[in-house]
Amino acid sequence: MFKIIKRPPLAEGRMFVLRILAVVFAIGASMAIIALLGHDPFKVMLEMIRGSVGSAYRIKETINKMVPLLTLSLGVCVAYKMKFWNIGAEGQFYMGAYGAGLVAFNFSHLPSYLLLPAMFAAGILTGGLWALIPALLKAKWETSETLVTLMLNYVAIRWVTYLQYGPWRDPKAAGLPRMMHFPETADLPKIGGIHIGWIIALFLVIVIYFLIRYSKLGYEITVMGENPRTAEYAGMNTFRILLVAIMISGGICGIAGVIQATGLEHSISPVLSSGLGFTAIITAWLSKLQPVTLVSVSFLFAMMLQGGNYLQSVMKVPSDVAGVIQGVILFFVLGSEFFTQYKIVRDKRQGEETRKVGA
Amino acid sequence: MDIGWIAAAAMFLQLAAQCGTPLLFGTLGGILGEKAGNLNLGVEGMMMMGAVTGYYVAAVSGHPVLAALAGGLAGSLGALLYAVITVTLQGNQTVTGLTLTIFGCGIANYIGKGCTSMTLPATIRSFYAPISVPGLSKLPLVGKMLFEQSNFVMLGILLAILIWIYFNKTRAGLNVRMVGENPGAADACGIHVNLVKYLHLLAGGFLCGLGGTYLSVVYITRWQNDLVAGLGWIAVALVIFAIWNPIRAIFGGYLFGALRSIGLVLQNTRMTFLGHEIRLDPQLLDMLPYLMTILVLVLMGVQKKKEYQPPGWLSRSYYREDR
């Protein structure tokens, strides 16, 4: 018979091979599912790739999808380093956009070079404060941050919906419940047809990389994640570190909201994120909280999203297929994790035991 | 007392129960898994899978019971994926649950594209039409809520009571709780930990699938994209709100159902209070379930009572040789 035993930590190289294997299997399985759903799997895959990187315009669209995803993933990474299970990126994103909206609607007379930075600052603040609520509750009463951040997502989305139907409703859109547009001065500048969100996102990648790798705060966050007791014995002010790290985490998610609102929509709506806050948890986890790996993982996911949209318009395949493929790939990668820690071996002992009993 | 008010309140409660039934099923499904130590955030996905499968089978076969079974099994199928990864392969429960939601919603919306033009045959509608229990339905206030309902609503109440008895009055239920609290100890007692987890996750998935089927086949009676629309997440919240107690889940489910129907009833109505005009925005009222859940979480933390705490081993993997 077979049995499962723990294996010593795998070398980087073999770990990598294993993960690639998982993705290969996952792609095989998702192609099988596509075939089951009655489509030509090779054509679907090819069209998805063509739809996401096949032309300059489509690459731009893919990058536009990647920017908020990458930013959100960076945000949750900071929290996850500390084993603070922030699944509230979605809510922090919307609160960030809300903060930007507050500034945009109240100080619309400001010139662009003052207005935009103020909007970003406000977004960081509102996103960060929104994340601070579960952190404070956890510090004070050990309330589960997973559940509180999850609930706050929906509160934030309802808040934006309320603004859309109520105070921030566009009076010019007769009958339609649509939110007012930002003043033109609040549009994120464009370079080569793409808004500069990608520069902000890449800049944040570098900042977070150095923060975690080389800064004192990054070190403290890592120690707290590994063992909060150790951190306390070492004399760290765990309460302060928690609050600062979570402000950073939520603030970055807030930035994602501001980028999306100023770069693409020029307004806010309850579907601004289209669920990217949840996808970001998965991308963060897949890239093992490595900011640099995150860039490629986010790009891959953005390709799937953009490719899915393209499928819908070209092959009349519903874009929901992208969700199915994402799911299948993730299931395989999640499952493969097991084989990095355990291996299955032939159980010889059982045979020996029976012999002993016999003798 | 004004008779008209009581009749109106009774009708409102009836509506609340109908609105709360999918929540109740989802919550019961969540409780089954969490009692065995697994936090499944895939409730939304399983409800979607159940909703589309139930609707499809109902529309094609016209057989009401078959539709419910198919919907339940679809939910179990989703739960099976989750169980293989989190129990056998010890994957991260949070991420796996989220993945199940993405996967389930994707596949349900995909299949559902073909369902938008389908209608439910009359046999389905008549089978699940409200029935009134003679005598009992005339009870003041709660009569209509409990005894003049679709059989599906009553099934929800019955299941909640049965699950409560199972967990609190039977040996098997006690074993499940032990697995959730301390799988190592359960293992030492000769309980097959992984088997218990699998069975309860699959049963929980079945209930979530049933909740989805109720929503598409009985409550909304047509298919639309993203039909479950976040109810699965409220159910995840309700598990905590009910403090893992199936009986409280009935109250929780109906209370949140009532909150949702208040939103529908009071939409755009204006009322005056002490001379001030107040507009109750449905969007703000929709926040209440989530805010109340947070409040409950905080109160549980403040009180630190033993029976108010989540199962001890919730969302942790169990590997026998780590004991």
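Per chain, numbering begins at 1; letters A, B, ... match sequence-line order.
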So does [X] have more than 12 non-hydrogen atoms from other groups sitting under 6.0 Å from [atom1]?
| X | atom1 | result |
| --- | --- | --- |
| A/Tyr80 | OH | yes |
| A/Glu142 | CD | no |
| A/Lys43 | NZ | no |

Original post:
Among B/Thr293, B/Thr96, B/Leu291, which residue forms the greatest number of heavy-atom pairs with chain A at distances under 4.5 Å?
Top reply: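 When all of B/Thr293, B/Thr96, B/Leu291 are compared, B/Thr96 has the most.
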
Working to the nearest 0.5 Å, report the span between [atom1] of [X] and [atom2] of [Y].
| X | Y | atom1 | atom2 | result |
| --- | --- | --- | --- | --- |
| A/Phe278 | B/Leu41 | CZ | CG | 9.5 Å |
| B/Met287 | A/Leu152 | CE | CG | 10.5 Å |
| A/Ile133 | B/Ile294 | CD1 | CD1 | 7.5 Å |
| A/Glu145 | B/Leu297 | CD | CG | 11.0 Å |
| B/Leu39 | A/Ser144 | CG | OG | 8.0 Å |
| A/Leu334 | B/Tyr82 | CG | OH | 11.0 Å |

Subject >> Option that, when pairs with chain B are counted at under 4.5 Å, heavy atom only, ranks first among A/Val328, A/Ile281, A/Val321, A/Leu147 >> reply: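 Going by pairs under 4.5 Å, I would pick A/Leu147.
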
Original post:
Can you list every pair that meets side-chain hydrogen bond (donor to acceptor under 3.5 Å, both in side chains) and has a residue in residues 35-52 of chain B, with sequence neighbours left out?
Top reply: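 For residues 35-52 of chain B: B/Asn38-B/Thr86, B/Asn38-B/Lys197.
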
**OP:** Please flag which part of A/Ile157 lies under 4.5 Å from any non-hydrogen atom of chain B: side chain, backbone, both or neither.
**Re:** neither

Original post:
Given a strict heavy-atom distance threshold of 4.5 Å, which part of A/Val160 is in contact with chain B: side chain, backbone, both, or neither?
Top reply: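 The answer is neither part of A/Val160.
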
Original post:
Taking the six-membered ring for Trp, are B/Trp233 and A/Tyr154 parallel (under 30°), tilted (30 to 60°) or perpendicular (over 60°)?
Top reply: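 The rings of B/Trp233 and A/Tyr154 sit tilted, inter-plane angle from 30° to 60°.
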
Original post:
Does A/Trp85 reach the side chain of B/Thr94, with side-chain heavy atoms less than 4.5 Å apart?
Top reply: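 Answer no - side chains too far apart.
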
Original post:
Hey, are the side chains of A/Asp320 and B/Lys113 touching, using non-hydrogen atoms and a 4.5 Å cut-off?
Top reply: yes

Subject >> Residue part contacting chain A, namely of B/Thr88, when any heavy atom lies under 4.5 Å >> reply: backbone

Original post:
For B/Leu288, is it the side chain, the backbone, both or neither that has a heavy atom under 4.5 Å from a heavy atom of chain A?
Top reply: neither

Subject >> Residues in residues 97-108 of chain B that sit under 4.5 Å from chain A, counting heavy atoms only >> reply: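 B/Leu98, B/Thr99, B/Leu100, B/Ile102, B/Phe103, B/Gly106, B/Ile107, listed by number.
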
